[in-house]
Amino acid sequence: MHFPKGFKEKYYNLLGEEAPSFFLTFDEEPVSAFRVNPLKEQQKTFPKPIPDTNWGHYGKVSGKSIEHITGLVYSQEPAAQMVAQAAAPQQNMKVLDLAAAPGGKSTHLLSYLNNTGILVSNEINPKRSKVLVENIERFGARNIVVTNESAGRLSQIFQGYFDMIVLDAPCSGEGMFRKQPEATEYWSETYPAQCAQLQREILADALKMLTTGGELIYSTCTWAPEENEEIVDWLLENYSLELVEISKINGMVAGIHFSETARMYPHRFKGEGQFVAKFRFYGEQSAKKIKAKKSNLTSEQKTLWQEFQKQHLALELNGDLQTFGDHLYLLPLGLPDLSKLKIARNGLHLGVFKKKRFEPSFALGLALKPSEVKHIIEIDEEQFKKYVAGETVNLNQNTANGWYQVVVQGNGLGFAKVTGNILKNYFPKGLRFQ
């Protein structure tokens, strides 16, 4: 690999006798991995588990596989998996993933939360927020809102609100050089310092949103001390924070001067580059009072949803029902008023009201386990291939007409209507493939 001017000298100085081993790894293949989604009902055994992780496995997953399309697996390289693992939120926590796209850390945090508490998953870039929404939807969580905002704007709404904030900060990307060689083209000797300035600005806003006793997990995919330990030093000096020890597993090493933090180097850790620090906030922070929101459903909409729920679901969904236009969403309880924010996904999309009837959404059919639905249609692998290509599916038997959750290999793939022995196609047009 060709390195930008000044990079090799910097890391020969930093790593000393380990530097040759470190630089040899840049000619090796990047390490692929994925996580299994514990929110899905039908689990599957995969080889090559990543030691000391709940859901991680080494290996590649096809984006066209049943496991991927039903949200049973999520591709994420091993070092990136260590961020949410260090966070490990408890159930019922209120969590913010501040720079969330494409969704690896958010989906990992959702695995810990297990459909309890609240996750606000934020991405400032509108294009990237669309990818984030798609990945969140496939994962099938019910306790998440996706915002498309700056940290400054969020801090005006969520003052002193979150029990945990995860910031995988925009950085110089040195840890991704092997996986994304184009990242070497915009690196310069002054670039890490420029990134560090942006990181401090984001963190200053982030800390306004942390509750007393709350935790901040700060990470980067770079080895630059300017963006890692120097930021840690700045945080400890300027805010009421204390470091929390991160377990060093699978070749992770302690950070420079801060043994509680963790670094991942590819010659020691099987994965790409990452830095993680975890803090506890012991300062005083006043939180805004949250008023209970009134439902904005009409009486007709309420009746239509209740009828659908009673007829098709084997559970009652708990949350705040809100309509946006004709679309019905389920928001986690206890959110502040979000009307002044740009929202990319307003909770779980339940469906749409159409001429005195309710049609369930694709997202709802991904979020529900088959045991939570009264009427399901199981399709096999060949039928799955037809369905994701946008074709109708001929069923082997006549079935009562109506809405069914489409199920493949034990997990949901949206809702669809059956007429006679035909399963109509409701797989979203933008997701279809041959």
Side-chain angles (χ1 to χ4, degrees), residues 87 89-101 105-106 109-110 112-113 115-124 126 129 132-133 136 141-169 198-218 235 238-242 244 278-297 317-324 329-348:
Q90 301 292 308
Q91 292 192 14
N92 294 305
M93 272 187 168
K94 298 194 286 281
V95 182
L96 170 64
D97 185 1
L98 188 46
K105 292 167 187 74
S106 282
L109 294 165
L110 288 164
Y112 284 98
L113 290 171
N115 278 325
T116 69
I118 294 170
L119 178 67
V120 175
S121 183
N122 181 69
E123 173 55 47
I124 193 169
S129 72
L132 173 62
V133 166
I136 292 291
R142 304 168 199 171
N143 58 326
I144 177 165
V145 171
V146 181
T147 54
N148 177 209
E149 281 292 358
S150 66
R153 295 252 307 151
L154 289 174
S155 69
Q156 292 167 22
I157 305 297
F158 289 106
Q159 186 184 318
Y161 180 84
F162 292 105
D163 303 308
M164 176 179 283
I165 295 175
V166 176
L167 174 61
D168 186 43
L198 174 62
Q199 289 153 6
R200 283 190 284 269
E201 289 167 15
I202 297 170
L203 284 162
D205 285 319
L207 284 158
K208 294 171 189 170
M209 296 185 269
L210 208 52
T211 190
T212 301
E215 293 176 325
L216 169 70
I217 292 80
Y218 173 77
L235 283 167
N238 291 281
Y239 295 93
S240 303
L241 293 166
E242 58 188 6
V244 178
K278 186 173 186 175
F279 303 85
R280 189 171 290 112
F281 177 65
Y282 58 84
E284 291 298 316
Q285 193 109 274
S286 59
K288 289 182 179 177
K289 282 192 175 177
I290 294 166
K291 294 175 187 171
K293 283 188 285 298
K294 289 179 182 174
S295 172
N296 64 348
L297 276 69
L317 289 170
N318 187 33
D320 178 23
L321 291 171
Q322 295 286 335
T323 54
F324 297 88
Y329 288 82
L330 182 79
L331 282 81
L333 291 168
L335 279 167
D337 178 10
L338 306 180
S339 60
K340 291 179 181 171
L341 296 177
K342 283 182 276 189
I343 306 289
R345 184 185 193 258
N346 234 317
L348 173 61

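Owing to the predicted nature of the structure, the values given are computational and were not obtained by experimental measurement. Along the sequence shown, residues carry numbers from 1.
Taking CG from Leu331 and CZ from Arg345, the interatomic distance works out to 10.0 Å, rounded to the nearest 0.5 Å. Atom CG of residue Leu203 and atom OH of residue Tyr218 lie 6.0 Å apart, to the nearest 0.5 angstrom. Note that CG of Asp205 and CG of Leu98 are 8.5 Å apart. Values are rounded to the nearest 0.5 Å. In this structure, CD in Gln156 is found 9.0 Å from CD in Glu149, a value given to the nearest 0.5 Å. Atom-to-atom distance recorded for Leu96:CG and Asp163:CG is 11.5 Å, nearest 0.5 angstrom. Interatomic distance, Ile124 CD1 to Arg153 CZ, rounded to the nearest 0.5 Å: 10.5 Å.
Formation of a donor-acceptor pair under 3.5 Å by the Asn148 side chain with backbone atoms of Ser129 is not found in this model. Panel note: side chain Gln285, backbone Leu207; a donor-acceptor pair is recorded below 3.5 Å. Within the 3.5 Å criterion, the main-chain N or O of Ser286 finds a donor-acceptor partner in the side chain of Gln159.
Side-chain N/O atoms of Thr323 and Asn296 include a donor and acceptor closer than 3.5 Å.
Taking the side chain as every heavy atom from C-beta outward, Ile118 and Val145 never approach each other to under 4.5 Å. Thr147 has its side chain within reach of Ile343: a pair of non-hydrogen atoms, C-beta onward, lies under 4.5 Å apart. Inter-residue side-chain proximity for Gln322 and Asn346 is flagged as unmet; no heavy-atom pair is nearer than 4.5 Å.
Of all heavy-atom pairs between Val146 and Ile136, the closest is CG2-CG1, 4.3 Å. The two residues Leu348 and Ala141 come nearest to each other via the heavy atoms CD1-O, 4.3 Å. Nearest heavy atoms, Ala87 versus Met164: O-CE, 3.1 Å. A pairwise comparison of heavy atoms in Asp168 and Ala99 identifies O-CB, 3.6 Å as the closest pair. In terms of heavy-atom proximity, Pro336 sits nearest to Ile157 at CG-CG2, 3.9 Å. In plain terms, the two heavy atoms of Thr211 and Gly160 that are nearest each other are CB-O, 3.6 Å.
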Test Phe324 against Tyr329 for ring pair (Phe, Tyr, Trp, His ring centres under 6.0 Å), laying out the working first. CA-CA 8 Å; Phe324 297 88; Tyr329 288 82; 5.5 Å; yes

Please evaluate residues Phe158 and Asn122 with respect to the criterion side chain to side chain contact (heavy atoms under 4.5 Å, CB included), reporting the C-alpha separation (whole Å), side-chain torsions for both, the decisive distance (0.1 Å), and the verdict. CA-CA 13 Å; Phe158 289 106; Asn122 181 69; over 6 Å; no

Given the rule in the side chain to side chain contact (heavy atoms under 4.5 Å, CB included) test, do Tyr161 and Met209 qualify, once you have shown the distances and angles that lead to the verdict? CA-CA 5 Å; Tyr161 180 84; Met209 296 185 269; 5.7 Å; no

Using side chain to side chain contact (heavy atoms under 4.5 Å, CB included), reason through Asn143 and Leu113 one step at a time and then give a plain yes or no. CA-CA 9 Å; Asn143 58 326; Leu113 290 171; 3.8 Å; yes

What do the steps show when you test Phe279 against Ile165 for side chain to side chain contact (heavy atoms under 4.5 Å, CB included), and what is the final call? CA-CA 10 Å; Phe279 303 85; Ile165 295 175; over 6 Å; no

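Surrounding CD of Gln90 are at most 12 heavy atoms belonging to other residues, nucleotides or ligands under 6.0 Å away. Atom CD of Glu284 sits in a sparse spot, with 12 or fewer heavy atoms from other residues, nucleotides or ligands closer than 6.0 Å.
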